Each structure stands twice: as structure tokens, then as C-alpha cells.
Amino acid sequence: MIILVMNAGSSSLKYQLYDMSNESVLAQGRVERIGMDSSIVTHEPGGKPEVRQVSEILDHNGAVRNVIELLTHADHGVLRSMKEIKAVGHRVVHGGESFKHSTLVTPEVKTEIRRLFDLAPLHNPPAMMGISAVEMNMPDVPQAVVFDTAFHQSMPKETFLYPIPMVLYRRHKIRRYGFHGTSHDYVSRQAAEKLGKPLESLKMVTCHIGNGASCTAILNGRSYDTSMGLTPLEGLMMGTRSGDLDPAIVPFTMNKEELTLSEVNSMLNKHSGLQAISGISSDMREITEAMAEGDKQAKLAFDMYTYRLRKYIGAYAAGMNGIDTLIFTAGVGENSAAVRQAVCENLTFMGIELDEARNAERSKEARFISTDGSRVSVLVVPTNEELLIARDTYQLVKE
Ligand code: AMP
């Protein structure tokens, strides 16, 4: 079965075409700058040269039309007809409390996703545009939605509620939702497989550290606690996001700097984190390079980043009475041996022992980086959210 996976942002659309008979990627690509003067389309058809086009794409509808044309193109295509696509799976960031699992798109599901716009004003509307665009261009193809929040719906009240008036939860559903759920879910399953143990028997901490970063406590295969909250701002220090801070900093800064709500929101989401402390970049590669050249601010940013992650791992180990497995994934987690080393350095007290040579290895495969004697196994597991979306879509369409 051929499945198209879509991840729509406000001005972008990423896609991957899967052949589920062997879970191979037939083609992938992205449309960027949708609705702007010149949109850029990058298309990578398996076994053929990459295609790059600059054209005017007015909206997501136009973007989907463009993707279909490329996938079925005589030269750059991988399909004879779009009829070969049997289902489309979409990534949707916020499923609120309504969606505990992936689901097929129905009129009711669409109404509910629209109702949740309030909780994810930047992310859910583009996903909805993607769904409508597929409906217009491929009206008979079933669609599925896979939510970033769904995996975390297993959290108990003591971890998902904030200690603020209960009326705010009842009226506005203010609570911890968590994000990157597909990634935490995927890497925990991969790690259990690698360990040869049932997922249900393990206590894990998964660290998804990329541009955005979150850390999850997984107890018996289910999310027990996670560092992102009502929005993806809470928790770990990130590229440009602050992560945890004293909430009183918000009114204090607004007052002192005469900032508006939207300015302070932008400061915490776009001008904080690694970028703000290093004054160099939000990219961990540039931070580590500058650090090697002796830049003190870069070193401070690195130390804050790794310390804050280590604190979370310790907190989650306390929350679950110890852990069996620690997992690193996403851009930084998969590629930065220096970050993994610094995070694990002071965790020997809880049975974490890194193997220096294994940690330094580079590979695209899931692998152990702890010593054979380490009480807690530490793994690097490359994440693959698109594959999980394709798998969920396949399961839903097959049923
Ligand atoms: P992601 O959001 O998962 O795509 O992660 C992107 C981030 O991964 C980039 O912004 C970099 O900070 C980080 N990254 C990628 N490669 C490396 C590397 N070799 N060393 C350190 N950080 C890296």
C-alpha cells in the first residue's frame, strides 16, 4: 500500500511517500515559502536526481497540487497515477484531550481539530489547510491524523495538572499536554526491541533534543510525565526557547522593559535559549565549535543546556523510582557526542556509565552507548516521526 505523509506548517509543506510493503521511502520533499513571492520546491525522488523549482504557490491547495504533479511526473515522478496513493497521513500538533490515538479524518474530527485552534494557533490551522487541500485534490482518498500530544494522554492527573486554580483547567483546559509524542513513542519502541525486552517492563527517559527539545518519563510503555506543557515552551532549554523559568519573570520584564504580551511571548520563544546565552547561534554545532575556540558565552550556553537536561533525567528517575534505559534522539541527541557525554557525566550515581568509544561513533542505526556493565542502558535511537505516521495511517486504513 502506498501512503503519503504530510507535515504542513504555516508556509511550508513537507511530504514523504511510503511503500508500506517494505516501509521504504519512494520520494520525499518540501514546499517552502507558500503564499510568498517565490516558493521553493525541493523534490527527492528515490533513485533519481533531486529536483528544485522556484514558482509561485499561493496556498496549501496549490502546494498539494504541485506535490501530486511531481510524484506522477514523467521524469521526476515515482508513480504512474495518483490513484496509487491509498491514504494520506497528517501530522497534527495539538489533539487536546479529545484525541488519545491517531484517527481517520471525519467531519466530526475536523470540527474538533478546529475547536483546538485556540490551543495551537500557529500549528493546527496549517494542518487543517493540508487536510482540506488533500480533500480538494484527492477527494476519494482516506486521510488520517496523528497527533503530537496523543502519546502523552496517558499521563496521570498528578503530572499533567498545574498547581493553579482548578477552575482554569475546568474552563480552559489549562494543563500539561506535552509534544513530540510520535517521536518519544517511536524511539521507546525501537529501544525495547534493541534491548530484547517487553516495552511494558521498562522504565525509560527519552530525550528528544533538536531545535525544539523535550524529555519524557515512560513507565511501562506509557508516557508518565513530559517536560513540555500547555505549549512547547516549557521544560528544557532549547535553540531559541527559554524552557522553564520563574513565571513572575513575565510581568516583571513587561513592566521593566515596557514590553507587550506579544513581545514577551516572542522573546521567550524566539530570542532565548542557546541563541540568547551564547549570542552566537541556536545551533548546537556552532555552539560546540565556538566553545572549542574558547568562547566563554558558548561554553556557558552549553553548560546550562546540559545541566538543565540532566536535572530532568534525575527528576524523572525520582518520579519512577529509578530507570532502566536512557535514550537520546533528534538533531542534537543523535549527533552530538559532546552533549550526551556532558549530560551523562554526573549521572554515575544512578548507574549510568557511558562508553567513550561507542559514544563517539557515528551511525544512522539505533545503538548502545553505555558500557556493558552499566546498570542503566543508554542508547542513541534515530527518530522517524514520518514512519510512525505512515504506520498508524496504514493500520487505520487496513482495519
Ligand atoms: P531537529 O530539530 O531534530 O532537526 O534538530 C536540528 C538541530 O540539531 C540543529 O539546529 C542543530 O542544533 C542540531 N544538530 C544537528 N547536527 C548536529 C551535530 N553534528 N552536532 C550538534 N548538533 C547538531
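In listed order, ligands and their atoms are each counted from 1. Since we're looking at a predicted model, the values are computed, not measured. In what follows, residues are counted from 1 in the order of the sequence shown.
- Note that Lys157 lies outside the cation-pi zone of Phe160, set by a 6.0 Å cut-off to the ring centre and a 45° limit from the axis.
- A cation-pi arrangement, defined by a distance under 6.0 Å to the six-membered ring centre and an angle within 45 degrees of its axis, is present between Arg175 and Tyr177.
- With His60 contributing its side chain and Gly9 its backbone, the two residues share a donor-acceptor pair below 3.5 Å.
- For His152, the ring pair (Phe, Tyr, Trp, His ring centres under 6.0 Å) criterion is met by His184, not counting sequence neighbours.
- Residues Asp372 and Arg358 are paired through a salt bridge, judged by an N-O separation under 4.0 Å between the basic side chain and the carboxylate.
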Extract all N/O-N/O pairs under 3.5 Å that connect ligand 1 to the protein, and present each with both atom names and the distance rounded to 0.1 Å.
{"from": "ligand 1", "atom 1": "2 (O)", "to": "Asn211", "atom 2": "N", "distance (Å)": "2.9"}
{"from": "ligand 1", "atom 1": "3 (O)", "to": "Gly331", "atom 2": "N", "distance (Å)": "2.9"}
{"from": "ligand 1", "atom 1": "8 (O)", "to": "Val332", "atom 2": "N", "distance (Å)": "3.4"}
{"from": "ligand 1", "atom 1": "10 (O)", "to": "Asn211", "atom 2": "OD1", "distance (Å)": "3.0"}
{"from": "ligand 1", "atom 1": "12 (O)", "to": "Asp283", "atom 2": "OD1", "distance (Å)": "3.1"}
{"from": "ligand 1", "atom 1": "12 (O)", "to": "Met284", "atom 2": "N", "distance (Å)": "2.8"}
{"from": "ligand 1", "atom 1": "16 (N)", "to": "Asn335", "atom 2": "ND2", "distance (Å)": "3.4"}

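- Formation of a donor-acceptor pair under 3.5 Å by the Glu200 side chain with backbone atoms of Asn220 is not found in this model.
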